[in-house]
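These numbers come from the heavy atoms of this one structure, side chains and all, not from hydrogens, waters or symmetry mates. Every chain is numbered from 1, with letters handed out A, B, ... down the list of sequences.
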Amino acid sequence: MKKDNKKLTRNFYKADVLEVAENLLGKIFVYKTKGKTLKAKIVEVEAYNGKIDEAAHTFNGKTERNKIMFNEGGFLYVYFTYGIHFCANIVTGKKNEGTAILLRGMEPLEGVKYFSKKRFPEKRLNEINKKDLLNGPAKICQAFNITKKQNGIDLTGNKIYLLDAPKIPNSKMIKTTRIGIKKSVDLPWRFYIKDNIYVSKK
DNA sequence: ATCAAGATTACCT
DNA sequence: GGTAATCTTGATA
């Protein structure tokens, strides 16, 4: 009997960013916070590679903001943008590669009430559409309450980590161009699960 | 010291 | 479809 729910280890993250990006789809993101366990299934990601990709934060070398992206794989890179939003990434590859994967869409599994409260403080639970909770990179951080404080967390620890799940077959995976960038716009480095309603944008 | 851009979102017409 | 919101970061226009 195959066990699907083991925590992913360092080796998973140390592979090439594009390989990890494809493998990330379907995996379970877990955040243990304030006695609660929050879980969601990853359905949409984008790969960034500072070596060859002008859109990556690491393209022009190491800075105070992006230094976590130069760690070996298996760390959380969180950045602040547009004066309002945080976005969370999974660092991949070997040390000093400067590669990471942006989490863009998730399906809520556990902690829906918590997500709803963080996303829509003024609304009642029954007015909230579950598909609007985690269908965007900044929405994910808002719902999980992920901020600068979580930047650099080791994903092989017990606070934030991923659980294994069966690989999404190629027939159910869409590979296309990334969203919201002005450089390297033609690289097909966005991956999402076909027909999944929790994907941020078709 | 100053400035422009930004891996987005929500709300408007 | 269009754009305001909002402020940290990195380069120096």
Between the side chains of A:Asn196 and A:Lys41, does any donor sit under 3.5 Å from an acceptor? no

Side chain to side chain contact (heavy atoms under 4.5 Å, CB included) test vs A:Phe191 passes for just one of A:Ile42, A:Val43, A:Ile101, A:Leu18, namely A:Leu18

Measuring only between side-chain heavy atoms, which start at C-beta, is A:Lys39 closer than 4.5 Å to A:Phe29?
no

Can A:Tyr79 be called stacked on B:dA7 when the rule is centres closer than 5.5 Å and an angle between planes below 30°? no

For C:dT6, the nucleotide meeting Watson-Crick or G-U wobble distances (both under 3.5 Å) is none

A:Lys182 side chain N/O closer than 4.0 Å to the phosphate oxygens (OP1, OP2) of B:dA7?
no

Scanning all shown strands, the Watson-Crick or wobble mate of B:dA7 with both distances under 3.5 Å is none

Closest non-hydrogen contact found for A:Ala15 with A:Val20 is O-CG2, 3.6 Å

With B for base contact, S for sugar-phosphate-only contact and - for none (protein heavy atoms under 4.0 Å), nucleotides 2-13 of chain C reads ---BBBSSS---

task: Check whether any side-chain heavy atom of A:Glu46 lies under 4.5 Å from a side-chain heavy atom of A:Ile179, and answer yes or no.
output: yes

Using a 4.5 Å cut-off on heavy atoms from C-beta on, say whether the side chain of A:Val112 contacts that of A:Tyr114.
-> no

**Prompt:** A:Ala138 near the nucleic acid: base, sugar-phosphate alone, or nothing, with a heavy-atom cut-off under 4.0 Å?
**Reply:** sugar-phosphate

In numerical order, the residues of residues 112-127 of chain A whose heavy atoms come under 4.0 Å of DNA chain B are A:Arg119

